[in-house]
Protein chains: 2
Amino acid sequence: MSQKCQHEHREPVQLCNLTEQLRAKSRKITGPRQAILEVMSQESHPVTTKEIMAALPTGVCDRVTIYRAMHLLETMELVRRFDFGDGTARFELVRGNTEDHHHHLICRTCSVVIELEECFPSDLEKRIARDSGFQRLSHKLEFFGICPKCQP
Amino acid sequence: MSQKCQHEHREPVQLCNLTEQLRAKSRKITGPRQAILEVMSQESHPVTTKEIMAALPTGVCDRVTIYRAMHLLETMELVRRFDFGDGTARFELVRGNTEDHHHHLICRTCSVVIELEECFPSDLEKRIARDSGFQRLSHKLEFFGICPKCQP
DNA sequence: TTTTATTTTGCAAATGATTTGCAAAATGAG
DNA sequence: CTCATTTTGCAAATCATTTGCAAAATAAAA
Ligand SMILES: [Mn+2]
Ligand SMILES: [Mn+2]
Ligand SMILES: [Zn+2]
Ligand SMILES: [Zn+2]
């Protein structure tokens, strides 16, 4: 079945998904949640809760609400969590298929982020699964380096 | 030139390295540091500071000392830091060449760890470097899955 | 629309890992 | 053994994240 949004007016796909998926789980469509998703839809790289907070109009919601929204959206697979190794979680809106994922390249000096298309080769991953007997394999993978601007 | 230890008596390679490298930096060879390395040399997977603390004879040192030792040993490249995504750093003794590294496969249910030989293909990594203009690329990579014992 | 059941939220406080300040203790060179 | 330097323990600070709870918001029911 198609996932097409039923509304007539134009809205980002994510907000439609949000509405529908929230209803399906008897969760509520609230101002904070819409505002958070609005902010995230304008970001092209993973963002921290602190950054979301800063991008939100003053007083929209508490930081705790953002943490709680991230948990919810993560379980709904509308948002994905990343770890750049600095002790702060980052979140990014899932834009394509839920099954897709991607990785990042981060500058060790200025922290600029590049979105990557390359992924760990699935045949290699299958071999790891076969050799170990593990099932449902997934991976966390991020690259680090020195970006052109930061090179000596 | 060979890295062979000059001492006559038998000691784990790491402790020799420690002694020599510490001298070279005018840092001191202390009881806590030797004890911590002793514990780590008996572990085959990355360990947390809490686990090191627990494995150490009571009263050998404070948890803070372990944190400080990990920082020092990490800069000396005698120890490597890993992140299994649970908010606690893990450390493992570097056993082979300093340039080598490896990754892990962790059970999402029971947390059992498998040491892996597979690594991200270097030709692919070189392509990422070339396409992005980044230099000195490195990567963080860990796999997750369900181990044979935890499978339904 | 009003009522009612349920979910959310804000705020304060708790948790947990890690870091820092500082004076006392340990180490190693001479 | 003495002295300069590095380390350590302990308490307190930081920081991200979580939790408890009563008040506020939302959506289903009447
Ligand atoms: Mn991304
Ligand atoms: Mn390992
Ligand atoms: Zn991937
Ligand atoms: Zn690798």
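All of these numbers come straight from a predicted model, not from anything done at the bench.
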Where the side chain of [X] meets the backbone of [Y], is there a donor-acceptor pair that is under 3.5 Å apart?
{"X": "B:His103", "Y": "B:Leu141", "value": "yes"}
{"X": "A:Glu51", "Y": "A:Thr48", "value": "yes"}
{"X": "B:Ser132", "Y": "B:Ile128", "value": "yes"}
{"X": "A:Thr30", "Y": "A:Arg33", "value": "yes"}

Pair A:His139-B:Glu142, side chain to side chain donor-acceptor pair (under 3.5 Å): steps then yes or no: CA-CA 6 Å; A:His139 55 258; B:Glu142 306 296 341; over 6 Å; no
For C:dT27 and B:Arg27 - does any side-chain N or O of the residue sit under 4.0 Å from the phosphate oxygens OP1/OP2?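 For B:Arg27, the contact criterion (side-chain N or O under 4.0 Å from OP1 or OP2 of C:dT27) is not met.
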Measuring to OP1 and OP2 of C:dT9, would you say a side-chain N or O of A:Thr30 lies under 4.0 angstrom away?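 The answer is yes; a side-chain N or O of A:Thr30 sits under 4.0 Å from OP1 or OP2.
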Protein N or O to nucleotides 17-20 of chain C N or O, pairs below 3.5 Å:
residue, atom, partner, partner atom, Å
C:dT18, OP1, B:Ala89, N, 2.9
C:dT18, OP2, B:Tyr67, OH, 2.7
C:dT19, OP1, B:His71, NE2, 3.4
C:dT19, OP2, B:His71, NE2, 2.7

Out of C:dT6, C:dT9, C:dC11, whichever nucleotide has its closest atom nearest the side chain of A:Asp62: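 Selected nucleotide: C:dC11.
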Measure the distance from [atom1] on [X] to [atom2] on [N] and round it to the nearest whole Å.
{"X": "B:Lys25", "N": "C:dG28", "atom1": "NZ", "atom2": "P", "answer": "17 Å"}
{"X": "B:Ile29", "N": "D:dT5", "atom1": "CD1", "atom2": "P", "answer": "19 Å"}
{"X": "A:Lys28", "N": "C:dT4", "atom1": "NZ", "atom2": "C1'", "answer": "10 Å"}
{"X": "B:Ile66", "N": "C:dG16", "atom1": "CD1", "atom2": "P", "answer": "18 Å"}
{"X": "A:Gln34", "N": "C:dT9", "atom1": "CD", "atom2": "C1'", "answer": "15 Å"}

Have a look at B:His102 and tell me which of B:Glu92, B:Glu117, B:Glu118 forms a side chain to side chain donor-acceptor pair (under 3.5 Å) with it.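 The single option meeting the side chain to side chain donor-acceptor pair (under 3.5 Å) with B:His102 is B:Glu92.
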